[in-house]
Amino acid sequence: MGKEKKEPKKKAVLGHFDHEVFLEELGKRIKFLRKERGFRSYETFAYDIDISRVGMSRYESGKFDDIRLSTLLKIIDGLEMTPQEFFAEGFTVTKAE
């Protein structure tokens, strides 16, 4: 018996924006702000805010499908920001076509 082919992952776009692009941009924003705020190592930052180092690596690389709101809030708080500041300047996602 041969191996079954996996279905290609459906692109998560409902018409308003591309979810994959949003998650990639979210990861870039986290990494940029972490470095800007003087946290040189994602591992140390993850330890300091009590989240998984593996998870933090995935979030920063954009290689994740989902993030808990509580985890995102820990990251934002660890960056010494409010959610409004985090999602303000420097964070953009274009509308889906």
Side-chain angles (χ1 to χ4, degrees):
M1 290 181 124
K3 291 184 179 180
E4 290 184 32
K5 289 185 179 181
K6 289 186 178 181
E7 295 275 333
K9 188 176 172 183
K10 289 184 179 180
K11 194 168 184 172
V13 177
L14 299 176
H16 298 93
F17 62 95
D18 186 320
H19 297 193
E20 289 178 25
V21 171
F22 177 87
L23 294 175
E24 288 172 16
E25 292 301 316
L26 181 66
K28 288 177 189 176
R29 179 85 169 142
I30 292 168
K31 185 174 184 175
F32 172 80
L33 290 170
R34 174 185 56 79
K35 288 182 173 185
E36 182 181 69
R37 294 205 163 19
F39 298 100
R40 294 172 62 195
S41 164
Y42 77 86
E43 293 173 319
T44 303
F45 181 72
Y47 179 80
D48 287 349
I49 64 172
D50 195 31
I51 66 169
S52 155
R53 291 176 296 155
V54 172
M56 190 69 196
S57 173
R58 287 184 183 143
Y59 302 142
E60 287 196 357
S61 68
K63 295 181 178 163
F64 63 102
D65 295 326
D66 201 0
I67 184 170
R68 289 179 146 211
L69 181 57
S70 59
T71 302
L72 181 57
L73 292 175
K74 278 185 178 182
I75 292 170
I76 293 170
D77 195 28
L79 294 168
E80 301 173 350
M81 305 178 83
T82 66
Q84 293 84 355
E85 292 168 327
F86 181 85
F87 285 108
E89 186 179 327
F91 190 89
T92 59
V93 176
T94 58
K95 290 188 131 206
E97 294 180 13

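Values in this document were obtained by computation on a predicted structure and should not be read as measured data.
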Ignoring hydrogens, what is the shortest heavy-atom contact between [X] and [Y]? Give both atom names and the distance.
{"X": "Ser52", "Y": "Ala46", "answer": "O-CB, 4.0 Å"}
{"X": "Met56", "Y": "Ile30", "answer": "CE-CG2, 3.5 Å"}
{"X": "Phe87", "Y": "Phe22", "answer": "CE2-CZ, 4.1 Å"}
{"X": "Pro83", "Y": "Leu73", "answer": "CG-CD2, 3.9 Å"}
{"X": "Ile51", "Y": "Lys74", "answer": "CG2-CD, 3.6 Å"}

Nearest 0.5 angstrom please: [X] [atom1] to [Y] [atom2], how far?
{"X": "Ile75", "Y": "Ile67", "atom1": "CD1", "atom2": "CD1", "value": "4.0 Å"}
{"X": "Arg34", "Y": "Phe45", "atom1": "CZ", "atom2": "CZ", "value": "8.0 Å"}
{"X": "Asp65", "Y": "His19", "atom1": "CG", "atom2": "NE2", "value": "12.5 Å"}
{"X": "Ile49", "Y": "Leu79", "atom1": "CD1", "atom2": "CG", "value": "7.0 Å"}
{"X": "Leu23", "Y": "Asp66", "atom1": "CG", "atom2": "CG", "value": "7.5 Å"}

### Query
Would you say the side-chain atoms of Glu60 pair up with the backbone N or O of Ser57, donor to acceptor, closer than 3.5 Å?
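No, because the side chain of Glu60 does not come within donor-acceptor range (under 3.5 Å) of the backbone of Ser57.
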
### Message
Any salt bridge linking Arg37 with Glu80? Criterion: basic side-chain nitrogen under 4.0 Å from a carboxylate oxygen.
### Response
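No, this pair does not count.
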
#### Entry: Worked check of side-chain contact (heavy atoms from CB on, under 4.5 Å) between Tyr59 and Leu26
CA-CA 8 Å; Tyr59 302 142; Leu26 181 66; over 6 Å; no

### Arg53 charged N/C atom sitting above Tyr47 aromatic ring, 6.0 Å / 45°
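Pair Arg53/Tyr47 does not count as cation-pi.
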
### Query
What do the steps show when you test Lys31 against Tyr42 for side-chain contact (heavy atoms from CB on, under 4.5 Å), and what is the final call?
CA-CA 8 Å; Lys31 185 174 184 175; Tyr42 77 86; over 6 Å; no

